[in-house]
Amino acid sequence: MSNPGNLKYTASHEWVKTEVDGTITIGITQHAQELLGDMVFVEAPAVGRKLKAKEECAVVESVKAAADVYAPVSGEVIAANSELDSAPERINSDPYAAWIFKIKPDNLADVAALLDAAVYQALVDSEAH
Amino acid sequence: MSACPTTEGADGFIRNLSGIKDRWGATRNRVAPFFLKANMTLKTTPLNAAHRAMGAKMVDFGGWDMPVNYGSQIDEHHQVRNDVGMFDVSHMRVVDVKGIRVRAFLRYLLANNADKITLPGKALYSAMLQPEGGVIDDLIIYFMTEEWFRIVVNAGTADKDIAWMKQQAATHAPQLTITSRDDLAMVAIQGPNARAKVWQVLPQIKSSTEVLQNFQAADCGEYFVARTGYTGEDGFEVMLPKEKVEIFWYALNKAGVKPIGLGARDTLRLEAGMNLYGQDMDETINPLEAGMAWTVDLKSDRNFIGKAALLANTPTRKLVGLVLLDRGVLRSHQKIQTAQGEGEITSGSFSPTLEKSIALARVPNGVQIGDTVQVSIRDKMLAAQVVKYPFARNGKRCI
């Protein structure tokens, strides 16, 4: 599965989608879910929480490991995907649909500065060897 | 995102397959890849190419390049509980002890009593202890003849184990030869249909192995076949010449036996309530505080290494099972609060059979089955219930 070209990415393996209303939606990448394996638990940040860029704010756990999810940019949490409480495996089956939380960014320009799909893919390729 | 790596350091065990972030320590906040770099120094089994051809995700498992899964770890887990799967366990070490009066040496070397096995081929699980009582390794011995016992030890401890055995033999049984069988590979075929599949592939060994009881082995020439395993399911562990193992592996696969990675091996053994060396016990742990009292023979008047230390130190802790009542995942090294004091999880994961998080935990002796304890997970205290383990065996839930 390739990384969608309309998304932005972080070096810590989050994907970021900018919505028409200027909020952003965040999940973990195909590469990340593949490394972690079968997902069994997701803990999203509380709605209303103010986050700084690169702050640990969510946890995803697979059978074999726990992993932090970081805020890609600073902002306020406006939604968390409660569907993942009972179906964390959706992150495995469709990582780019199984969003974890949404943020209203303090500064939308921060999002533009994140990695594009090609740069992120190059990063993944370099880490794999 | 960052995560625990699926590799582990010096003690050579898969701690981090069920690891948790507090083992990350200072490094946990860095933005770093958590998968493995290519490492030219990793040891490989003769099935390495087969694993890769079958789509395995390979990890550094105590210095060995081993498959953690071939797709979904949970599917692999259910495959073994409900049908059959095969594991490459060639990284484990076979040690043959031969010569006159082997049994007398093993009676002294091991915490369990080699006198318990008198039927040829019969196996015995035992700890090998330091004089101070700590666990050097857990192992299985097979009684073949009065002049040949076979021992299977853990991969990460094999060199240390063999050095210890040779050191003890030099003093107490210099007539014995202790041989590391580096010429052998080992495949575990596990699950309710495991034996039938092995007989389909190796019909010539059927007559000599269908009579095997649980925990008994037969020496069938090139194939040494033991009705043992690490999953809580029926099955065989087959030791065979390295150069034959790839053909055997593919023949099993052609017969419908799917490969299973070390990830599922860990959740299967945890559900079955089986200890993992380096995690549930090690050289700093008294076996009586690691759920191993059933394997330590203190009743006979036999002397063995570590006995005096065990008799001198009354255990104050014990190993219990936990089932998490709240949402989350129990992991090794999480701290536990009980009414009787602190405890710690030694192995924890998600149980595919129970569809809940389960753990083995070392707690103060006064903790009772049915108690509710609090587990510290990140910044929260979550409730877990103390249960009698195993959690699942033979395709079924036990709790």
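Just the heavy atoms: all of them, side chains too, but no hydrogens, waters or symmetry mates, feed the values below. Here is how names work: the chains are called A, B, and so on, in the same order as the sequence lines, proteins then strands, and each is numbered from 1.
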Checklist entry - With only heavy atoms counted, which part of A/S62 is less than 4.5 Å from chain B, the side chain, the backbone, both or neither? => result backbone
Looking only at heavy atoms, which two atoms of [X] and [Y] are closest? And how far apart?
X	Y	result
B/V329	A/F41	CG2-CB, 3.7 Å
A/L35	B/K57	O-NZ, 3.3 Å
A/V63	B/Q73	CG1-NE2, 3.1 Å

Checklist entry - What residue, out of B/P352, B/S72, B/A264, B/S357, has the most heavy-atom pairs lying under 4.5 Å from chain A? => result B/S72
Checklist entry - Residues in side chain to side chain contact (heavy atoms under 4.5 Å, CB included) with B/T353, at least two apart? => result B/H77, B/R81, B/E271, B/S351, B/A392, B/R397
Next on the checklist: At a 4.5 Å cut-off on heavy atoms, which part of B/K356 comes close to chain A: side chain, backbone, both, or neither?
Outcome noted: neither
Checklist outcome for this item: When rounded to the nearest 0.5 Å, the distance separating CD1 of B/I377 from CD of A/E61 is 7.5 Å
Checklist entry - Between atom CD1 of B/I74 and atom NZ of A/K64, what is the distance when rounded to the nearest 0.5 Å? => result 11.5 Å
Checklist entry - How about B/E355: does its CD atom have over 12 heavy atoms from other parts shown lying under 6.0 Å from it? => result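 Incorrect, the count does not exceed 12.
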Checklist entry - Hey, does B/N69 have a side-chain heavy atom less than 4.5 Å from the side chain of A/D38? => result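 A/D38 vs B/N69: side chains apart.
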Identify all side-chain donor-acceptor contacts of residues 98-107 of chain A below 3.5 Å with residues at least two apart in sequence or on another chain.
residue: A/K102; atom: NZ; partner: A/T25; partner atom: OG1; Å: 3.1
residue: A/N107; atom: OD1; partner: A/A109; partner atom: N; Å: 3.1

Item to check | Derivation and outcome, side chain to side chain contact (heavy atoms under 4.5 Å, CB included), residues B/R378 and A/E56 | outcome: CA-CA 12 Å; B/R378 291 180 283 275; A/E56 289 170 18; over 6 Å; no
